[in-house]
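Let me begin by presenting the structure, written as structure tokens, before commenting on it.
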There are 2 protein chains.
Amino acid sequence: MRLPKLSKLELQIMEALWSGGPLAIREIQETFPQKGRPAYTTVQTMVYRLEVKKALRRARKIGNAHIFEALLSRDAAQRRLVDDFLGMFGGRMQPVMAQLIEAGNLTPKDVVDAEKLLRDLSKKRKDA
Amino acid sequence: MRLPKLSKLELQIMEALWSGGPLAIREIQETFPQKGRPAYTTVQTMVYRLEVKKALRRARKIGNAHIFEALLSRDAAQRRLVDDFLGMFGGRMQPVMAQLIEAGNLTPKDVVDAEKLLRDLSKKRKDA
DNA sequence: TAGCATCTATTACGATTGTAGGTGGAAATA
DNA sequence: TATTTCCACCTACAATCGTAATAGATGCTA
């Protein structure tokens, strides 16, 4: 399981750790908007499961509370996400782009940004 | 359940109907590559579940075999897919594009195609 | 120190997904 | 017609996910 598959809720928990550094369960729970915030033990369960998947680990303890930190990087998790998503489209990029554009998810600005990113990237690769 | 969520296998079954027209279970099963092809009854189970979700229906009968046809359009299904996917990224397009580019899934040609699509689309919208 | 608040650890349960076996009936074929 | 093949329908089961309750341990506070 080199790149574990994470569900949406698991992703949200990882996001808390990625952007907020090592956190306790309670702190992770509080990163969710009050409206519809999952119960403490729900977050706890998911954290334990993420631990089993080696996506995070117990870094240290404060009082009797464990502090968890991400093991899996945001980038790796998102790579897996993208791969699965492309798999849903038969691995072909074209229909994905078409869908994004048709549905209005992809704006002209996004495309311009993408071009710039591509340019920067190919430059970096040449330099390296 | 206006736009039902479909799993990967369900998607593949729908894909068979979208591209192959109304089909019997056996025919759907045979659209899968021999290597790793799911059992007949596996396909059957998924078809029944898609029926419950109103993603397809029994169109007619040939002999004692039912012929199924898609009710849900490919476009609608993919829209749902994209929405869920974006939801995983917090609904922001930017990190998605960044990820696609970093991972090499999005090539310069894809971006050029995207531009053309965007132009055509804005033209069509103006005309309409 | 007694009690309240907070954590941990364990257990449970329904829904969804992928997987498929078994049984009985219908159709094609020998 | 007898037999083989195919199909429909029902049932089952393990894994994952979201949800959370409960019980027991620990730590803070009056």
Per-nucleotide protein contact along nucleotides 20-30 of chain D, 5' to 3', at a 4.0 Å heavy-atom cut-off (B base, S sugar-phosphate only, - neither), is BBB---SS---
Separation between [atom1] of [X] and [atom2] of [Y], rounded to the nearest 0.5 Å:
X: L23(A); Y: I28(A); atom1: CG; atom2: CD1; value: 5.5 Å
X: I25(B); Y: T42(B); atom1: CD1; atom2: OG1; value: 11.0 Å
X: M46(A); Y: L50(A); atom1: CE; atom2: CG; value: 6.5 Å
X: L106(B); Y: L117(A); atom1: CG; atom2: CG; value: 9.5 Å
X: K5(A); Y: L11(A); atom1: NZ; atom2: CG; value: 9.0 Å
X: D110(B); Y: N105(B); atom1: CG; atom2: CG; value: 9.0 Å

Compare the minimum distances between each of dC17(D), dG18(C), dT8(C) and the side chain of R49(A), then state the nucleotide with the smallest one.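 Comparing dC17(D), dG18(C), dT8(C) against the side chain of R49(A), the answer is dC17(D).
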Among dC9(D), dT8(C), dT19(D), the one nearest H66(B) by side-chain distance: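 Selected nucleotide: dC9(D).
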Grab the [atom1]-[atom2] distance between [X] and [N] for me, whole Å please.
X: I67(A); N: dT6(C); atom1: CD1; atom2: C1'; answer: 13 Å
X: L6(B); N: dT16(C); atom1: CG; atom2: P; answer: 13 Å
X: E51(B); N: dT17(C); atom1: CD; atom2: C1'; answer: 18 Å
X: Q29(B); N: dG18(C); atom1: CD; atom2: P; answer: 16 Å
X: K5(B); N: dT16(D); atom1: NZ; atom2: C1'; answer: 13 Å
X: M88(A); N: dG18(C); atom1: CE; atom2: P; answer: 8 Å
X: K8(A); N: dT16(C); atom1: NZ; atom2: C1'; answer: 17 Å
X: Y48(B); N: dT16(C); atom1: OH; atom2: C1'; answer: 19 Å

Using a heavy-atom cut-off of 4.0 Å across all strands, would you classify Y40(A) as base, sugar-phosphate, or nothing?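 The answer is base, as Y40(A) lies within the cut-off (heavy atoms under 4.0 Å) of a base atom.
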For DNA chain D, what residues of residues 11-23 of chain B have any heavy atom nearer than 4.0 Å?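 None - not one residue of the stretch has a heavy atom sitting under 4.0 Å from the strand.
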How are the rings of Y48(B) and F68(B) set to each other: parallel, tilted or perpendicular (split at 30° and 60°)?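 Tilted, since the angle between the ring planes falls between 30° and 60°.
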Assign each of A65(B) and E10(A) to its nearest nucleotide of DNA chain D by heavy atoms, then name whichever residue's nucleotide is nearer the 5' end.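 So the residue in question is A65(B).
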Sequence neighbours excluded, which residues qualify as salt bridge (Lys or Arg N to Asp or Glu O under 4.0 Å) partners of E69(B)?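 Scan of E69(B) (salt bridge (Lys or Arg N to Asp or Glu O under 4.0 Å), adjacent residues dropped) gives R57(B).
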Side-chain contact, heavy-atom cut-off 4.5 Å: L6(B) with L81(B)?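 A side-chain contact is absent here, since even the closest heavy-atom pair is not under 4.5 Å.
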